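Note that this is a predicted model, so its numbers are computed, not measured.
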Amino acid sequence: MKTSVIVVILLLMGLSVAYAQTTAAPPAGFENVRVSRQQQELEIQIKAMIPDLSAFQLKTDTYGKPGKYNFTINLGVIHDESNRLLSNWQEEINKWLEESK
């Protein structure tokens, strides 16, 4: 028990010393580097990010009215298009299988 407490205290002291280390000199390799532009201050205006409340739209206005769209698709058209897509997919699969050999 005593040894574990001593080890924990030594670790904490070692970590505090390691984090306290600072370097005054710049990192190596950047001695002759010039700044190509002047430093700019970044200014964030929170008021500009607030959405305009006058443009608020009710949720009831965001959906289409019932019966507005009147699509009439015949069951035969659906079958023909499905058969065309299936045949195209089968041709592509056969082509991929031939290329993979």
Side-chain angles (χ1 to χ4, degrees):
M1 180 70 183
K2 288 182 180 181
T3 57
S4 62
V5 171
I6 292 173
V7 168
V8 169
I9 291 173
L10 288 175
L11 276 172
L12 289 175
M13 288 175 51
L15 286 174
S16 63
V17 170
Y19 281 122
Q21 299 294 323
T22 59
T23 57
F30 293 99
E31 290 84 15
N32 296 324
V33 175
R34 293 183 309 179
V35 177
S36 61
R37 62 181 180 162
Q38 291 183 346
Q39 293 182 350
Q40 301 174 356
E41 287 188 18
L42 181 63
E43 182 178 323
I44 299 174
Q45 296 180 356
I46 302 298
K47 289 182 182 178
M49 294 182 184
I50 298 174
D52 186 17
L53 295 178
S54 64
F56 178 73
Q57 186 177 16
L58 295 174
K59 285 188 176 184
T60 57
D61 296 339
T62 59
Y63 69 93
K65 304 286 187 241
K68 183 177 179 182
Y69 304 106
N70 188 12
F71 295 115
T72 55
I73 296 181
N74 174 334
L75 190 59
V77 172
I78 294 173
H79 283 291
D80 293 341
E81 184 66 18
S82 297
N83 288 335
R84 186 185 66 79
L85 288 173
L86 286 172
S87 64
N88 284 347
W89 290 339
Q90 188 62 44
E91 289 173 7
E92 288 181 15
I93 290 170
N94 290 340
K95 186 172 79 173
W96 291 338
L97 289 173
E98 289 174 6
E99 290 176 356
S100 66
K101 288 183 180 180

Worksheet item: Measuring from L97:CG to E92:CD, what's the distance to the nearest 0.5 Å?
Response: 12.0 Å
Worksheet entry | By side-chain hydrogen bond (donor to acceptor under 3.5 Å, both in side chains) - contacts of E43 (at least two apart) | Q45
Practice prompt. Salt-bridge test for K95 and E98: reply yes if a basic N is under 4.0 Å from a carboxylate O, no otherwise.
Written response: no
Discussion item. Working note: I78 + S82, criterion side chain to side chain contact (heavy atoms under 4.5 Å, CB included); need CA distance, chi angles, decisive distance, verdict.
Written reply: CA-CA 6 Å; I78 294 173; S82 297; 4.2 Å; yes
Worksheet entry | Nearest-0.5 Å distance, CD of residue E91 to CH2 of residue W96 | 12.0 Å
Worksheet item: Taking the hydrophobic residues Ile, Leu, Val, Met, Phe, Trp and Tyr, and joining any pair whose side-chain heavy atoms are under 4.5 Å apart, which ones share a cluster with L10?
Response: I6
Worksheet item: Side-chain heavy atoms under 4.5 angstrom apart, residues restricted to Ile, Leu, Val, Met, Phe, Trp, Tyr: same cluster for V77 and L86?
Response: no
